[in-house]
Amino acid sequence: MTTNKETLKFQTEINQLMHLMIHSLYSNKEIFLRELISNASDACDKLRFEALADPSLVAGDSELKVQVDFDAEQGTLTVRDNGIGMNRDEVIANIGTIAKSGTKEFFERLSGDQSKDAKLIGQFGVGFYSAFIVADRVKLSTRRAGMEVEHGVRWESDGTGAYTLETIDLPERGTEIVLHIREDERQDLLNLWRLRGIINKYSDHIPLPILMRKAGEDGKPGDSWETVNKASALWQRSKSEISDAEYKEFYQYVSHDYADPLAWAHNRVEGRLEYTSLLYIPGKAPFDLWEPNQTHGIKLYVQRVFIMDDTEHQILPRYLRFVRGVMDSSDLPLNVSREILQGNRVIDQMRSGSIKRVLGLLEEMAEKEPEKYQNFWNEFGRALKEGPGEDFANREQIAKLLRFASTHSDTETQNVSLADYMGRMREGQDKIYYITADTFIAAKNSPQLELLRKKGIEVLLLSDRVDEWLTSHLHEFEGKALSSVAKGTLDLGSIETEEERKSQEEIEKTAEGLVERIKNALGDRVEAVRVSHRLTSSPACMVLGERDMALYMQQLLKQAGHEVPSTKPTLEINPTHPMLTRIESEKDASRFAEWSSLLLDQAILSEGGQLEDPAGFVARLNQLMLALAG
């Protein structure tokens with residue numbers, strides 16, 4: 001009996017994705033079977049976990065498995081599992097739409113180059129839709145565990161824009177996917193040994209049996225079934241028994257990635273606490289790296305039973321959210337819940353040990369394979385910069401891994417470590433100087449750098465949004481304080497000579513009257529006006545307090561609807577600049593006030609701030625330009 005049959009349209013993005021997969025992934029088409037088996041395995045894992053609380057879900061069929069079958073005459077390939085299954089709403093949500101984080105960014109980054117787009121599609125994760133790489137029609141039948149026979153669902157599509165959905169009677173729980181293989185693919189794919197080869201290559205490590213029919217005397221499939229994979233948890237095997245190829249294949253399974261990982265660490269902890277971890281550093285950032293709700297994380301197992309994906313960062317902190325892999329504990333209860341994990345002693349120790357392991361893996365990569373580490377940093381550096389603010393216990397270790405752009409090379413590449421910087425510090429220099437800005441160009445060209453550039457003092461150029469957060473939590477490195485050249489007073493310590501200090505004092509004394517006039521003209525728009533110690537060629541700059549947030553960050557928070565404490569900047573002037581000489585000679589009080597306002601507005605703009613009265617700034621500028629022209 002079938003009822004409620006209806007035709008629905010795919011999301012536009014799904015049509016695009018399927019078209020791209022068919023054309024871009026054709027050279028690696030066999031991954032469709034890896035993806036379908038991976039989904040089937042996940043369905044079995046979910047059922048195993050739900051059955052811990054409700055054993056009736058697996059009543060009468062407790063041996064979870066995946067079956068792969070084919071019919072060469074009919075031109076079909078079938079992947080079947082007896083896992084959790086889906087109800088009608090879940091079919092629509094999981095197959096009719098893409099709810100995956102990062103979808104918009106994914107499509108924006110597509111280039112039209114098939115080889116490049118294939119890599120992007122791999123990062124995105126192709127999943128169920130990969131079936132259309134080799135099939136011109138796909139039929140899915142499913143029934144969720146715990147539901148009655150009459151609640152089966154059948155989904156069918158030729159992948160050209162729409163699908164049909166109907167309610168059917170389905171005697172068994174789980175999901176069956178029937179692929180009608182394209183004519184030109186049948187001879188290659190619909191072969192017992194070819195399919196076994198693909199399974200052995202991509203899915204050998206899946207810790208539940210994958211079954212295929214035994215070959216008969218004629219070489220064709222018979223009536224009996226046999227397990228064609230090792231069906232053992234790869235992470236529980238000895239490292240000496242696992243090849244690099246197997247590690248890479250398992251990574252692709254656990255991460256749904258298309259490429260190989262950069263590195264991995266496989267460890268077994270024994271003693272009072274027993275657990276195994278297999279952690280991977282990906283080669284490319286996933287599209288949901290910056291999304292608040294990631295769909296993947298570390299997979300937590302208890303005695304080889306899948307429990308959950310650590311999408312809430314209870315096993316690894318958020319700044320390490322790019323790490324993929326599995327952790328298997330012998331000390332947690334099988335009915336563990338997310339609530340039980342919070343504050344759990346076993347989880348806390350696993351978390352602590354795993355953080356050390358990942359950071360150690362990165363340290364080793366940075367030391368022995370700097371080019372590979374630079375690739376890692378380019379992909380995940382901004383995430384790692386969140387570490388000092390999240391993980392006080394490992395702050396020093398994280399700080400050693402950080403990389404920045406600097407005035408040493410004046411390029412945007414972030415390849416300078418804090419240790420590199422310290423190795424180039426001037427004699428007598430006791431601080432690590434940095435500047436934060438909204439863009440690299442703004443940081444590089446900031447007037448606050450003028451004196452330091454003249455003296456050959458290196459400055460770190462920080463232009464990532466996370467840098468303001470980073471510097472508010474990382475105050476020193478190996479005994480050297482981190483100091484912003486755009487906040488507070490600039491103290492060069494013993495780098496500055498006695499002669500330079502006396503010269504500065506004389507300039508300050510001579511300019512006292514000018515400073516007072518500008519302060520009176522600006523009133524409460526500024527905290528103070530003072531002679532600058534950091535300018536050599538610019539007329540003025542704006543300086544914030546030591547604890548104040550950079551102007552561009554204040555503006556971003558305001559735009560996001562946050563309340564930002566009001567702060568008044570300090571205006572620093574360079575009395576030796578011709579513009580200040582011109583301002584000082586102005587006798588008209590009104591005109592002097594206009595010049596002073598223009599000076600402050602320029603300083604605010606150069607720091608990435610926004611003017612409260614941009615129209616007034618333009619009017620003043622035009623008026624003064626006309627006056628000078630006249």
Side-chain angles (χ1 to χ4, degrees), residues 34-35 37-49 52 64 66 83 125 202-210 229-239 241-257 260-270 273-283 286 294-317 320-334 336-338 341 344 346-361:
R34 179 195 77 184
E35 293 293 309
I37 291 175
S38 176
N39 288 347
S41 174
D42 288 345
C44 291
D45 281 339
K46 289 174 184 176
L47 176 59
R48 184 185 283 124
F49 180 61
L52 294 173
L64 300 179
V66 178
Y202 291 111
S203 307
D204 205 34
H205 48 267
I206 288 181
L208 77 163
I210 301 173
N229 65 321
K230 289 180 180 171
S232 64
L234 177 136
W235 62 89
Q236 293 289 6
R237 291 160 52 192
S238 169
K239 288 190 282 188
E241 299 175 2
I242 307 172
S243 67
D244 284 357
E246 288 178 303
Y247 275 122
K248 292 174 183 178
E249 288 158 10
F250 184 73
Y251 164 76
Q252 292 181 351
Y253 159 71
V254 80
S255 68
H256 296 272
D257 197 353
D260 290 338
L262 272 183
W264 60 83
H266 185 187
N267 296 89
R268 186 189 304 274
V269 175
E270 296 177 327
L273 182 70
E274 292 189 5
Y275 68 91
T276 300
S277 65
L278 175 50
L279 307 175
Y280 291 92
I281 308 296
Q294 287 181 289
T295 54
H296 295 293
I298 300 298
K299 290 183 177 292
L300 176 63
Y301 288 76
V302 174
Q303 299 171 38
R304 302 188 188 185
V305 176
F306 175 74
I307 303 298
M308 67 186 74
D309 279 301
D310 181 36
T311 55
E312 296 179 6
H313 310 291
Q314 292 174 320
I315 299 175
L316 282 179
L320 295 178
R321 60 188 175 276
F322 50 83
V323 178
R324 296 291 181 262
V326 299
M327 297 189 69
D328 193 340
S329 169
S330 300
D331 298 295
L332 287 168
L334 279 171
V336 66
S337 65
R338 296 187 187 278
L341 290 181
N344 183 283
V346 174
I347 287 293
D348 288 346
Q349 292 184 30
M350 289 170 62
R351 176 186 174 97
S352 177
S354 298
I355 292 171
K356 294 285 188 186
R357 205 151 285 125
V358 172
L359 295 180
L361 185 62

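- Between Ile315 atom CD1 and Ile347 atom CD1 the span is 5.0 Å, to the nearest 0.5 Å.
- Between Val254 and Lys299 the shortest heavy-atom distance is CG2-CD, 3.6 Å.
- Residues Val323 and Tyr280 have side chains not in contact (no heavy-atom distance under 4.5 Å, counting atoms from C-beta outward).
- Annotation: side chain of Met327 is in contact with side chain of Leu279 (closest heavy-atom distance under 4.5 Å).
- Residues that satisfy the salt bridge (Lys or Arg N to Asp or Glu O under 4.0 Å) test with Arg237, not counting sequence neighbours, are Glu246.
- Take Val269 and apply the side chain to side chain contact (heavy atoms under 4.5 Å, CB included) test, not counting sequence neighbours, and it matches Tyr275, Arg357.
- Between the CD atom of Gln236 and the CG atom of Leu278 there is a distance of 10.5 Å, given to the nearest 0.5 Å.
- Looking only at distances, a side-chain donor or acceptor of Asn229 sits under 3.5 Å from a matching main-chain atom of Ile210.
- Between Ala40 and Val66, the closest heavy-atom pair is CB-CG2, 3.7 Å.
- Distance check, rounded to the nearest 0.5 Å: CD1 of Ile298 to OG of Ser277 gives 8.5 Å.
- Taking CD1 from Ile37 and CD from Glu35, the interatomic distance works out to 10.5 Å, rounded to the nearest 0.5 Å.
- Leu273 and Val346 make their closest contact through CD1-CG1, 3.5 Å (heavy atoms, listed as atom of the first residue, atom of the second, distance).
- Of the N and O atoms on the side chains of Gln314 and Arg351, not one donor lies less than 3.5 Å from an acceptor on the other residue.
- For Phe250 and Tyr247, the ring centers are positioned 6.0 Å apart or more.
- Atom-to-atom distance recorded for Glu241:CD and Leu234:CG is 10.0 Å, nearest 0.5 angstrom.
- Applying the side chain to side chain contact (heavy atoms under 4.5 Å, CB included) criterion to Glu274, with sequence neighbours excluded, gives Ser330, Asp331.
- Scanning for side chain to side chain contact (heavy atoms under 4.5 Å, CB included) contacts around Leu64 gives Cys44, Leu47, Arg48, Asn82, Arg173, Leu208, with sequence neighbours left out.
- Of the possible polar contacts, one joining the His266 side chain to the Trp235 backbone as a donor-acceptor pair under 3.5 Å is found.
- A search for side chain to side chain contact (heavy atoms under 4.5 Å, CB included) contacts involving Ser352 returns nothing, not counting sequence neighbours.
- Between the side chains of Thr276 and Tyr301, no donor-acceptor pair of N or O atoms lies under 3.5 Å.
- For the pair Ser354 (side chain) and Met350 (backbone), a donor-acceptor distance under 3.5 Å is present.
- In terms of heavy atoms, Lys230 sits closest to Asp204 at N-OD1, 3.1 Å.
- Once rounded to the nearest 0.5 Å, the distance linking CD1 of Ile281 with CG of Leu361 reads 5.0 Å.
- For the side chain to side chain donor-acceptor pair (under 3.5 Å) test, no residue two or more places apart in sequence or in another chain qualifies with Lys46.
- Between Gly283 and Tyr251 the shortest heavy-atom distance is N-OH, 4.4 Å.
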Worksheet item: For Gln252 and Asp260, what are the C-alpha separation, side-chain angles and deciding distance, and is it a side-chain contact (heavy atoms from CB on, under 4.5 Å)?
Response: CA-CA 7 Å; Gln252 292 181 351; Asp260 290 338; 3.4 Å; yes
